[in-house]
Amino acid sequence: MSLLPTTSIARIADYDGQAVTLAGWVYNKTEKGRLIFILLRDGSGTIQCVIFKKNVAEETFAAARELTQESSCRITGMVRADERAASGYELDVQEIEVVHLTHDYPIAPKEHGIEFLMEHRHLWVRSSRQHALLRIRAEVMAAAQEWLNSQGFVRFDTPILTGTAAEGTSDLFATPYFDLGNAYLAQTGQLYVEAGMMAFGKVYTFGPTFRAEKSKTRRHLTEFWMLEPEVAFATHEDNLVLQEQMLSAIVQRVLSTCVRELEVLERDTTALQRVQPPFPRITYDAALDLIREHHTEVEGCRVLEWGEDFGAPHETLIATKFDKPVFVERFPTSLKAFYMQPDPARPEVVLCADLIAPEGYGELIGGSQRIHDATLLEQRIRDFGLNVEDYQWYLDLRRYGSVPHSGFGIGLERTVAWICNTHHIRETIPFPRMLYRLYP
RNA sequence: UCCCCGAUAGCUCAACGGUAGAGCGGCUGACUGUUAAUCAGUAGGUUCCAGGUUCGAAUCCUGGUCGGGGAGCCA
């Protein structure tokens, strides 16, 4: 066998005219008698390998003939630029080493139903479209963290097992926890990240969060990833600027580093190129006016009274009125979490904002300035019917060097779904957890 | 939790109360430019489960299971 070091397909252009060894899996194969084409993928890309019977040893041609879809192999050959090749290069094969011969790979190169594909998610992730989506997910995660790090943020990991419901709202997954009763899977790192903020100034937590709600839509998972930055001394205004800068940086980086993936997904990138600060802002009150004026344009979109929350149709309607993500700020206090700071000019609303994505992907970000006064915070905990004893540590943050501060949470899967323009967020995470999906 | 829809070959589907079918995939063969190749041949069935109606049920009825789309809730 060849002694050449293994080369990645992504770097094949560097080896034009040279012999290389590639290691990967057969993505597709076409036999034409004495000529065989093998489309090889190695995770970094795909390349067509060409085998002419008269140009190779008998055992090499025989090996090429027996290769099936998703068989693993090492292929040695000469890299040759070719205009007929989709990637611009082909490999003229000299040797083939079959590593493992696959029989009856379930996912054929044809249309499949979603149930079948979800049941084979562990194999489906090899397919080009899924590969592109998950590659962009990884890039969004890296872009977000590297941008925050460059701005002086420190990653501060918050617990997944918690003793109480953080916000006291949504349904939580419970699990027995030794002699301490139930533990709950975190629905947010919000409260804990505030402790980190008081220690490091600018922090973020990034990890899976869990909601036991029986949501059954294309925008919901029971396990999803959330990135939650928190900044000391930051006002509501500072918070919005941070959000639009971070999201713009993420989108622009994906545009520059994931060109091939966006092509695979057939994403119209002109809409993404517009994602630059500043983003439009409207108040909750202005949003109600907008809904009143245009509600007939979206099915199921009824006029709302002041104090009612938006439904999915309302968010869709608002999104259609702007060509960038749009902030809706200053919601009625009763609609939001207990820890949000009242607007000093209008105590009936809080200094918060939801960022609604264009193209009907719903709320990407929810953020707010937090209450920094211990007395007010304790009062709000009681008003919301929560147990003050559970929040003593959280109140401590306001008793020892309290400062105004703000933060937000951005849903990773919704962000990726929007950037990729994919219909359902279940394709933006390797193994989606949903109401009726716990396997594989 | 509520509303709507579905389950037939490995996959995607047809058969609409009267013999269980096609395409793709698999296998065999032909082919030196295919890339969801083409052509010929071939194998492949507990029609989701349990009852019921009927001379006869994939088809109609009842219950269940599993799944899909949406709402609410949320990110």
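Note that the coordinates shown come from a computational prediction; the quantities given were computed from them, not determined experimentally. Letters A, B, ... are given to chains in the order of the sequence lines, protein chains preceding strands, and every chain is numbered from 1.
- Remark: the separation of the P atoms in B:C3 and B:A43 is 48 Å, to the nearest Å.
- When only modelled atom types and interatomic distance are considered, A:E228 and A:Q190 share no side-chain donor-acceptor pair under 3.5 Å.
- If you find the closest nucleotide of RNA chain B to A:M118 and to A:A108, the one lying nearer the 5' end belongs to A:A108.
- B:G56 and B:C60 have their C1' atoms separated by 13 Å, with the value rounded to a whole Å.
- The distance between the ring centers of A:F310 and A:Y284 falls below 6.0 angstrom.
- Using a 4.0 Å heavy-atom distance criterion, A:H220 is classed as a base contact.
- The residues A:E427 and A:R121 are annotated as not salt-bridged, no charged nitrogen and carboxylate oxygen being separated by less than 4.0 angstrom.
- The number of heavy atoms from other shown groups lying within 6.0 Å of CD (A:E266) does not exceed 12.
- For RNA chain B, the neighbouring residues in residues 412-440 of chain A, judged by any heavy atom under 4.0 Å, are A:R414, A:H423, A:H424, A:R426, A:Y436.
- Using modelled atom types, one finds a donor on one side chain and an acceptor on the other under 3.5 Å when comparing A:R370 with A:S368.
- Residue A:A312 is classed as a sugar-phosphate contact, given heavy-atom separations below 4.0 Å to backbone atoms only.
- The NZ atom of A:K29 sits 12 Å away from the P atom of B:A37 (whole-angstrom rounding).
- Nucleotide B:C2: paired with B:G70 (Watson-Crick or G-U wobble, both distances less than 3.5 Å).
- The CZ atom of A:F116 sits 12 Å away from the P atom of B:C13 (whole-angstrom rounding).
- Taking for each of A:T68 and A:E31 the nucleotide of RNA chain B with the nearest heavy atom, the 5'-most of the two is the partner of A:T68.
- Distances from the side chain of A:E213 to the nucleotides B:C73, B:A75, B:G33 place B:C73 closest.
- A donor-acceptor contact under 3.5 Å links the side chain of A:S215 to the base of B:C73.
- In summary, the aromatic rings of A:Y391 and A:F384 are positioned with their centroids too far apart to meet the 6.0 Å limit.
- A:Q187 places its CD atom 16 Å from the P atom of B:C73, with the value rounded to the nearest Å.
- Distances were taken from every side-chain heavy atom of A:P109 (C-beta onward) to each of B:A36, B:G68, B:G33; the shortest belongs to B:A36.
- Using a 4.0 Å heavy-atom criterion, one finds that A:G300 contacts no nucleic acid atom at all.
- In this structure, A:N55 does not reach the B:U32 phosphate: none of its side-chain N or O atoms is under 4.0 Å from OP1 or OP2.
- The phosphate of B:G72 has neither OP1 nor OP2 within less than 4.0 Å of any side-chain N or O from A:R302.
- When the C1' atom is used for both B:U35 and B:U42, the distance is 26 Å, rounded to whole Å.
- The nucleotide B:U65 finds its pairing partner in B:A7, both defining distances of the Watson-Crick or G-U wobble pair being shorter than 3.5 Å.
- Distance NE2 (A:H112) to C1' (B:C13): 13 Å, rounded to an integer number of Å.
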